Amino acid sequence: MNNYNLYDLIKLRKNFLEKEFSQMNNMQQSAIFHVNGPLLILAGAGSGKTTVIVNRIANMLTYGDAYSSDFIGELADSDIIKIKNYIEQNCNIDTDTKNLLAINKVNPCQILAITFTNKAANELKERLYSKLGNCANDIWASTFHSTCSRILRAHAEKLGYSNHFTIYDTEDSKRLVKDCQKSLNIDDRILSYRSIISEISHAKDNYLSSQEFKNNVGNDFRLQKISEVYSLYQNKLQEADAMDFDDLVLNTVKLFKLFPEVLEYYQNKFKYILVDEYQDTNHIQYMFINLLAKKYKNLCVVGDDDQSIYKFRGATIENIMNFEKNYPEAMVIRLEQNYRSTKNILNAANAVIANNVNRKGKNLWTNNDAGDKINVHTAYNEHDEANYITNVILDEVSRGRKYSDFAVLYRMNTQSNILEKTFVKSGIPYRIIGGFRFYERKEIKDMIAYLNVINNPSDEIRLRRIINYPKRSIGEKTINTAMELAHQHQTSILEIIKRANEFEDLKRSSSKLMEFSILIENLIEASKKLSLSELYNLLLEKTNYIKALKEDKENNEDRVENIRELASNIIKYEQENGESANLPGFLEEVSLMTDIDNYDSKSDSVVMMTIHSAKGLEFPVIFLPGFEEGIFPGIQATYNQSEVDEERRLAYVGITRAKEKLYILNTDSRMLYGSTSRNKISRFTQEIPSELINKTRARDWKKLEPGTVVSKSLYETRIQSAQSARNFGQGVIHQEIDHQTYNIGDIVTHKTFGQGIIISVKPMGNDNLLEINFDNIGSKKLMSNYAKLSKNS
DNA sequence: CCCTGGCCGCTTTTT
DNA sequence: GCGGCCAGGG
């Protein structure tokens, strides 16, 4: 026995842990060391939230409970000397000795870490893996929806679904609601599918089944009609063995409520639960989490009430506001030191958000430099605004910045159009995140629909989608008849069309229908033998889909390209999953995937996206165009204080994305939806103290000849951008390329995009719009005079 | 069954 | 200003 008493050992261990996590500040350490019991981490923007989560899990797995006094290890004097030396001097300590300091270590498979995006989940997984190695793979780190679907796959039959149930995305649900609306004769002009969808979603969020909803409608005619749609919609989903996004969480809660033994199993399994972005959880997600955490109460939620921007989707700020009421023993930790932004940017953000009432209250500060003032610029119009952004980017790039240092964040996706055009003209490489997504493109949805039907032939909504594309002369009427017959005979629609000749009502198109059923049945057979990518190729061949696309429209090369892109995604999925790659697995991944997940910060290009999509990201230079009353805050929000508050939180999110420089823009006049309006500068801009601002404005356009404004400022941009491009070109790019002629088939090299082949040339003014298929990144459209191209001979 | 022309309407959207 | 959606004619 050594000379140390228990008290000394606890203190020694505490000092050791503080040293182990010495790169974290005091508040971060408190969060990391709190393992047992409820914990609320109020993490301000840029406060190192993810690092805290990763280190907290690392601590749980390697050292266990930091506050425990159940010190059971007997430490030899030599070990104690090693530890003391480690603490006092910069000296190493071996793993065996470290292990002596672990108390009640947590097993990785007991941890459930929930995020909102796949991207956040993957980032978390990667960071856990690099810190902890293989044992990180046993941690469930995933989104609400993939966590729930993973649980449901194991128990779906208890709720009347099969374990290979289909997941409907918002477009599928929309189609289904419209179908229901039609068969119930509900005029969309009187009761729109949009409001029906939102009411159903709202009901599901409140854990109201269609039956319960019906019981609550009373004499309200509108709600009665919605209730009818809800019931029918839910029946159709169940018949199709499908769940919508809301169902994934709802049904998991239902499973937990109806089968307490299942709940208990998961309560015991997930003894430690962590939820990121807690301010964005809705009520049903709250139910899910609280059921799971009820037994052990080891629930750690991380969030920032000031960054709650999804109220419109049912997120309720009350979940974070009331955490302490629900868990009176909860510990609350505020992370208020910001490591991301300059003082000026942070002070501006603080000044804006201070105008909101009903906040948890937080005082973000930073040790970073004051940095540049915030640039507030008023442009003539939206073209000029885009040109201003372009000029700043080209100027900064010529002085050594990378394109990937910049992000343009806007309120509405439509704002990206002018920016895109301007960037193309200036040869600025860019990527747009969101807007139209890969898996939402028509042709991709078609192929996925085929694969879904192969996987689950009762998937009516997907079957409807593809039964007549490519054209098979099977019309709306025929499909409806077949579906009714399927209903009458209590069988699948595929079964009915297989035997179409047996039904009088289907006689006329029976041969077409039977042909289609044979196609699908052959593909189902083939799916049992072939690999996923082989199946996909067979599917393309048998459906003649590419041929149909090409015949459909001249300009469908993009779509054909996307079809091939999907093939490479399938191969990528096969490579990542090896033996376990299969059709249901691929479909699951696809249905829960979004665009932002594919955002790869490594490629050198300017990023454009909505402020919503930018949450959680950071960039050295941020542009915020369209800070105008009526746009941001939006016109609809201005009538309602709580909606203005939500817009203000969104502004706060936008501002706090910036690390070094921030540009806030507005215009004198802006064309939106085909009409021009003059908007006042946004109240959010005006809430920033003037001493933090460097205010500029384009020359007063009223003094110029009408009509010359836009072209003149465009002209100036072009001259400047061509010059910057040359300066940046390091001698590789020659000036004479400006007026070189390009033909289809020419091989060219672009500074940023690499080598590619010209696939179209369209004259535009004195310039040519080239479409180039680049070897590495696919096709891009560029203006030849400014694209910095060199021709390979 | 399929094509076309006119009309509406229009934020944000982690899944 | 653009795209989605429906009605009506071929």
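Please read these numbers as outputs of a predicted model, since none were measured by experiment. Lettering of chains follows the sequences in order, A, B, ..., and the numbering in each one begins at 1. Side chains are part of it too, since the values below use all heavy atoms of this structure and drop only hydrogens, waters and symmetry mates.
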Nearest-Å distance for atom pair CG/C1', residues A:N468 and B:dC3: 13 Å
Short side-chain N/O contact to B:dT13 OP1/OP2 from A:T170, under 4.0 Å: no
Sugar-phosphate, base or nothing in reach of A:K178, heavy atoms under 4.0 Å: sugar-phosphate
Short side-chain N/O contact to B:dT12 OP1/OP2 from A:K615, under 4.0 Å: no
Sugar-phosphate, base or nothing in reach of A:E277, heavy atoms under 4.0 Å: nothing
Test item: side-chain donor near acceptor, A:Y161 and A:H155, under 3.5 Å: no
Whole-Å gap separating P (B:dT12) and OH (A:Y652): 24 Å
Sugar-phosphate only, base, or nothing, as touched by A:G475 at under 4.0 Å among non-hydrogen atoms: sugar-phosphate
Selected nucleotide, minimal atom distance to A:K471 side chain, candidates B:dT12, B:dC2, B:dC1: B:dC2
Between C1' of C:dG4 and CZ of A:R194, the distance in whole Å: 11 Å
Distance, rounded to the nearest Å, where A:M412 contributes CE and C:dG1 contributes C1': 14 Å
Side-chain ion pair, A:D172 and A:R465, N-O less than 4.0 Å: no
A:T667, A:I418, A:N666 screened by side chain to side chain contact (heavy atoms under 4.5 Å, CB included) with A:E385, the one that passes: A:T667
Sub-6.0 Å ring centroid separation between A:Y286 and A:F288: no
Whole-Å distance separating the CZ atom of A:R648 from the P atom of B:dT11: 22 Å
Phosphate OP1/OP2 of B:dC8: any A:Y673 side-chain N/O under 4.0 Å: no
Donor-acceptor pair between A:N319 and A:Y278 side chains, under 3.5 angstrom: no
Closest listed nucleotide, where the reference is the side chain of A:E647 and the choices are B:dT13, B:dT11, C:dC5: B:dT11
Syn-anti status, with the boundary at 90° from 0, for the nucleotide B:dT12: anti
Nearest to side-chain heavy atoms of A:T478, which nucleotide of B:dC1, C:dC5, B:dT13: B:dC1
Sugar-phosphate only, base, or nothing, as touched by A:E646 at under 4.0 Å among non-hydrogen atoms: nothing
Integer-rounded Å distance: B:dG9 P and A:I635 CD1: 18 Å
Toward the 5' end of DNA chain B, by each residue's nearest nucleotide, A:I309 or A:F245: A:I309
Pairwise 5' ranking along DNA chain B for A:S509 and A:A637, keeping only the more 5' one: A:S509
Short side-chain N/O contact from A:S613 to OP1 or OP2 of B:dT13, under 4.0 Å: yes
Ring-face cation of A:R153 near A:F165 (centre distance under 6.0 Å, axis angle within 45°): yes
base_contact_polar (B:dT12 base, A:R411 side chain, donor-acceptor, <3.5 Å): yes
Whole-Å gap separating C1' (C:dG3) and NZ (A:K442): 15 Å
NZ/NE/NH1/NH2 to OD/OE distance under 4.0 Å, A:E628 and A:R670: yes
Touch class at under 4.0 angstrom, heavy-atom based, for A:L672 against every strand present: nothing
Protein-nucleotide distance (A:Q285, atom CD; B:dT13, atom C1'), rounded to Å: 13 Å
N or O in side chain of A:T414 less than 4.0 angstrom from B:dT11 OP1/OP2: no
Sugar-phosphate, base or nothing in reach of A:S146, heavy atoms under 4.0 Å: nothing
B:dT13 OP1/OP2 closer than 4.0 Å to side-chain N/O of A:N413: yes
B:dT13 base stacked by A:Y310 (centroids within less than 5.5 Å, tilt under 30°): no
